[in-house]
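Please read these numbers as outputs of a predicted model, since none were measured by experiment. Convention: sequence-line order gives letters A, B, ...; per-chain numbering from 1.
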Amino acid sequence: MLAAFAGALLNWYQSQQRSLPWRSSSDPYQIWVSEVMLQQTRVETVLPYYARWLERFPTVDSLAAASQQEALAMWEGLGYYSRARNLHRAAQKVVKEFGGRIPSTVAELRMLPGIGAYTAAAIASIAFGVDVAVLDGNVKRVLARLFNYSGDVKSARGEKELSMLAQRLLPPGQAGDYNQALMELGATICTPRTPACPRCPVREWCQAQQLGLQHARPVTRKRAPAPRRVFAVGVIRKRGRVLLTQRADDGLLGGLWAFPSVSLIEAETGASSGAPSNAALDLQRGLRQSLGVCISVQAPLQTLSHAYTHFRVTAYVFDCDWLAGQPQGQLRVKWLPVSWLVRYPMGKIDRSIARHLARTHAAYAPHPGL
DNA sequence: CATACGTGGGA
DNA sequence: TTCCCAAGTAT
């Protein structure tokens, strides 16, 4: 029974799997990079990043030898930047503590930053053939439907019970292909919204499908609505250069560069009129306090909106002149010509501002008299 | 156990 | 427009 299920799944995977670059590789480093990039990220999004990353960092040694800034620059736009910082740190740990060889056991892999339960099992099984089952979002969904599991798959109990099931179903000696087959099924057939049950190679084993409950599985609880945040952002000019700050390593967009900004008191719902003019004054006062720079606000440049996972941002961007003071405080800062900004990794909003400045570069050229 | 952490695409 | 999601991890 179990063997028949695994056989049907494996057989389907051999003929129907997508051709993906990391599947044609047996290099543990390449498998590792793919698994980290694929965390919470779609295959189509990862593809170009994966190619560029391996071109720039072809081996774990080359990554370890690079700077964190280079790693972040290659990661820009992919999101969840702690993945890049952790991958970089982990590469250095592999070189220093594992002799440059990527460890092959789940326990050792878990010692590396950025490698949790899923990624350790994925690398161990796919790259080293260890008989360990993976449990990611795809596998949870597939198993919840196969067994008509009615518990919350994201609770601790759900994780544990599905993990037991996954390990029990694993065919010894074929963990790598089997794990990928289960995930591939979840990604292409057993999808969240509209599963293609008629095309499913294992539908005869699926309890939810036979009960017409495939849309009701898996059970998850819904999350809280995203709050709204408002920021004032300053493009501060001084002799043809603009001021950039580096964000703290922890927290949002950690390690990336950004234009100086202050958080504004959230406006009442719907009553946003007048906010930009107040924002200019708040920006002036806020940057004097936090950075120690005195600025004059010249003109509003643009207003940007962006949706993060847990909140929504509106940013009022202002053109500012530096008046006095030296940047000081917690954050690292640099005065940079606009044309240099491209080399500094940024989040989406700040990159958008940087591109805007590049388009209007003439306005930011050094003053002839200086 | 709950929350923070990005971005782009589909319904 | 708004909401939800997509090969998770760290705290």
Atom of Ala208(A), atom of Arg217(A) and distance for their closest heavy-atom approach
CB-CG, 4.3 Å
Could you tell me whether Ala117(A) contacts a base, only the sugar-phosphate backbone, or nothing, with contacts defined as non-hydrogen atoms closer than 4.0 Å?
sugar-phosphate
Could you check Met183(A) against Pro113(A) and say which one's nearest nucleotide on DNA chain C is further toward the 5' end?
Met183(A)
Test item: Arg229(A) side-chain N/O and Ser263(A) main-chain N/O as donor-acceptor pair under 3.5 Å:
no
For Arg110(A) and Leu20(A), find the nucleotide of DNA chain C closest to each by heavy atoms; which residue's nucleotide sits nearer the 5' end?
Leu20(A)
Polar side-chain atom of Arg247(A) near backbone of Ala258(A) as donor-acceptor pair, under 3.5 Å
no
Numerically ordered, the residues 147-174 of chain A set in heavy-atom contact under 4.0 Å with DNA chain C is none
Short side-chain to backbone donor-acceptor contact, Tyr81(A) and Asp249(A), under 3.5 Å:
no
Can you see whether Glu35(A) engages Tyr118(A) through a side-chain donor-acceptor pair at a distance of less than 3.5 angstrom?
yes
What parts of residues 68-92 of chain A reach DNA chain B, counting only heavy atoms under 4.0 Å away?
Gly77(A), Leu78(A), Gly79(A), Tyr80(A), Tyr81(A)
With hydrogens left out and only the distance checked, is there a donor-acceptor pair under 3.5 Å joining Thr119(A)'s side chain and the base of dG8(C)?
no
Have a look at Trp75(A) and tell me which of Trp53(A), Phe57(A), Tyr50(A) forms a ring pair (Phe, Tyr, Trp, His ring centres under 6.0 Å) with it.
Trp53(A)
Quick one: do the Trp257(A) and Gln69(A) side chains pair a donor with an acceptor below 3.5 Å?
yes
Leu253(A) has its side chain closest, among dG6(B), dC5(B), dG8(C), to dG6(B)
Whole angstroms only, please: what is the CZ-P distance between Arg193(A) and dA11(B)?
8 Å
Under 4.0 Å between a side-chain N/O of His310(A) and OP1 or OP2 of dT3(B), yes or no?
no
What contact category does Arg23(A) fall into here, base, sugar-phosphate, or nothing, at under 4.0 angstrom with non-hydrogen atoms?
base
Tell me whether the OP1 or OP2 atom of dA7(C) has a side-chain N or O from Arg141(A) closer than 4.0 Å.
yes
Is it the case that the side chain of Arg83(A) and the backbone of Met37(A) share a donor-acceptor pair, with hydrogens and angles ignored and the cut-off at 3.5 Å?
yes
If you look at every strand shown and take non-hydrogen atoms under 4.0 Å, does Gly186(A) touch a base, only sugar-phosphate, or nothing?
nothing
Starting the side chain at C-beta, find the nucleotide from dC5(B), dG8(C), dT7(B) nearest to Asp136(A).
dG8(C)
Mind listing the residues from residues 30-56 of chain A sitting with a heavy atom below 4.0 Å of DNA chain B? Number order is fine.
Gln40(A), Thr41(A), Arg42(A)
Any luck finding a side-chain donor-acceptor pair between Gln39(A) and Tyr80(A) under 3.5 Å?
no
Greater than 12 external heavy atoms within 6.0 Å of Glu44(A)'s CD
yes
Rounding to an integer number of Å, can you tell me how far His306(A) NE2 sits from dG8(B) P?
7 Å
Answer yes or no: is there a side-chain heavy-atom contact under 4.5 Å between Leu287(A) and Ile236(A)?
yes
